[in-house]
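Excluded from the calculations below are hydrogen atoms, water molecules and symmetry mates; all remaining heavy atoms, backbone and side chain alike, are included. Chain naming here is simple, since letters A, B, ... match the order of the sequence lines and numbering starts at 1 in each. This structure is a prediction, so every number in the text was calculated from the model and none was measured.
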Number of protein chains: 2
Amino acid sequence: MLQFKGRKILKKKGVDSLQVSGKKERLRDFIKKMGFKSTRQRDIIATEFLKTICHITAEELYKKISRMNKEIGFTTVYRTLKLLAKSGLATERVFADNLTRYEPISTKEHHDHLICLACGGITEFEDTKIEKLQEAVAVEFGFMTITHKMELYGYCRKCKKHAPASE
Amino acid sequence: MLQFKGRKILKKKGVDSLQVSGKKERLRDFIKKMGFKSTRQRDIIATEFLKTICHITAEELYKKISRMNKEIGFTTVYRTLKLLAKSGLATERVFADNLTRYEPISTKEHHDHLICLACGGITEFEDTKIEKLQEAVAVEFGFMTITHKMELYGYCRKCKKHAPASE
DNA sequence: AAGAAAATGAAATTCATTTTCAAAATGTTA
DNA sequence: TAACATTTTGAAAATGAATTTCATTTTCTT
Ligand SMILES: [Zn+2]
Ligand SMILES: [Zn+2]
Ligand SMILES: [Zn+2]
Ligand SMILES: [Zn+2]
């Protein structure tokens with residue numbers, strides 16, 4: 001395992017960079033198409049965001065960027081995330097803590113979430129069977145589904161032992 | 001159909017009143033057990049709330065009550081709904097509009113929601129197959145589920161025709 | 001370089017939710 | 001019933017995330 005670590009990371013880095021730059025191009029296209037302007041700030045924010053794996057809030061991303069760059073304001077981070085969402089490069093999500101989080105779109109078109117009540121960890125999953133049954137429910141009610149939200153809250157493998165009244 | 005209307009409503013009213021008074025007793029028990037005090041306001045708010053079928057916000061319930069009774073403040077409505085939730089007689093829910101809504105517990109233990117993006121109508125559904133598959137997903141990830149949220153957003157039968165880009 | 005349009009960011013605003021606090025109501029005890 | 005401790009009430013203030021404002025700066029096109 002250990003001896004492959006270097007290589008794996010190297011490969012992963014390469015892929016990530018490619019993905020990020022591909023997405024950044026998409027953002028630039030979107031900005032141009034909409035008659036907007038490319039700026040240093042948007043570039044930095046988008047780069048930093050697209051590197052993200054997790055579901056990040058505007059505040060968190062702002063703090064992360066602030067560490068290296070004192071000249072980017074919270075408002076711009078906030079607005080750039082909205083822009084990324086509008087351009088289709090980010091997905092806006094609100095979980096039980098009522099904070100607006102953003103995640104870069106990934107290879108998975110759609111996915112749902114498992115959220116740990118102890119550590120706050122978020123795991124993604126896809127289940128086509130469930131998706132089909134959801135659609136069946138919709139049809140049954142004469143409902144035309146546009147989107148849906150499914151979140152399972154509980155304790156992840158690591159936090160299970162800390163679950164209240166589990167012992 | 002029409003000739004049964006009177007009778008049906010009468011019967012329904014009877015059942016509702018019984019259910020409401022049963023729940024009000026449960027609230028009184030809870031209040032006593034917790035060392036709290038029963039008040040005129042709590043009684044009025046709980047009665048009005050438990051009659052509710054829909055998913056109501058504190059603001060909405062406050063306005064509804066205000067029409068008849070000018071002496072009940074918003075804060076008390078807000079606090080009583082929280083109290084009902086803590087006592088287990090109400091469920092607190094937040095849908096995509098980010099407003100906190102309350103619904104009285106019903107005979108259905110658990111249910112999920114279909115929410116119309118046009119009229120805001122909320123329909124409840126239960127699907128044991130989905131619930132089982134959700135649990136299977138959780139198990140697969142070594143996750144111990146405590147609760148979950150599943151909401152389908154789209155257009156209900158009545159509003160389908162108004163759905164954007166459907167024609 | 002000039003001008004038009006958009007972006008920035010600090011500060012202000014919004015808005016639902018929650019808390020504060022002085023006065024009122026409740027329920028227990030004597 | 002009166003006194004008392006405790007809780008409740010409700011107007012107002014506080015909170016806090018999300019959003020908007022606006023003067024200044026930057027970008028992009030002539
Ligand atoms: Zn899904
Ligand atoms: Zn996700
Ligand atoms: Zn469910
Ligand atoms: Zn419901």
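- In this structure, A:F125 shares a hydrophobic cluster with A:L114, A:I130, A:L133, A:V137, A:F141, A:F143, A:M150, A:L152, B:L114, B:F125, B:I130, B:L133, B:V137, B:F141, B:F143, B:M150, B:L152, the cluster being traced through Ile, Leu, Val, Met, Phe, Trp and Tyr side chains under 4.5 angstrom apart.
- Taking a cutoff of 4.0 Å between a charged side-chain nitrogen and a carboxylate oxygen, B:R101 and B:E92 do not qualify as a salt bridge.
- Of the residues in residues 58-83 of chain B, those lying under 4.0 Å from DNA chain D by heavy-atom distance are B:E71, B:I72, B:G73, B:T75, B:T76, B:R79.
- At least one donor-acceptor pair under 3.5 Å links the side chain of A:R42 to the backbone N or O of A:K37.
- Nucleotide D:dA18 holds its C1' atom 17 Å from the CD1 atom of A:I56, rounded to whole Å.
- Here the options are A:I45, A:T39, A:L81, the test is side chain to side chain contact (heavy atoms under 4.5 Å, CB included), and the partner is A:T76; only A:I45 passes.
- Residues meeting the ring-ring contact (aromatic ring centres under 6.0 Å, His included) test with B:H148, sequence neighbours left out: B:H110.
- B:T47 pairs in a side chain to side chain contact (heavy atoms under 4.5 Å, CB included) with only one of the listed residues (B:L50, B:D43, B:I44), which is B:D43.
- B:F30 has its CZ atom 14 Å from the P atom of D:dT7, to the nearest Å.
- The closest donor-acceptor contact from the side chain of B:K161 to the backbone of B:K158 lies under 3.5 Å.
- Distance check: A:L84 CG to A:L89 CG gives 6.0 Å after rounding to the nearest 0.5 Å.
- A ring pair (Phe, Tyr, Trp, His ring centres under 6.0 Å) check over residues 25-63 of chain A, counting only residues at least two apart or in different chains, returns the pairs A:H55-A:F95, A:H55-A:H113, A:Y62-A:F74.
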How would you summarise protein contacts on nucleotides 23-30 of chain D per nucleotide, using B for base, S for sugar-phosphate only and - for none, with heavy-atom distances below 4.0 Å? ----BS--

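- Less than 4.0 Å separates DNA chain C from at least one heavy atom of each of the following residues of residues 88-101 of chain B: B:L99, B:T100.
- Here the straight-line distance linking atom CD of A:E131 with atom OG1 of A:T145 works out to 10.5 Å at 0.5 Å rounding.
- Phosphate contact (OP1/OP2 of C:dA6, side-chain N/O of A:R42, threshold under 4.0 Å): absent.
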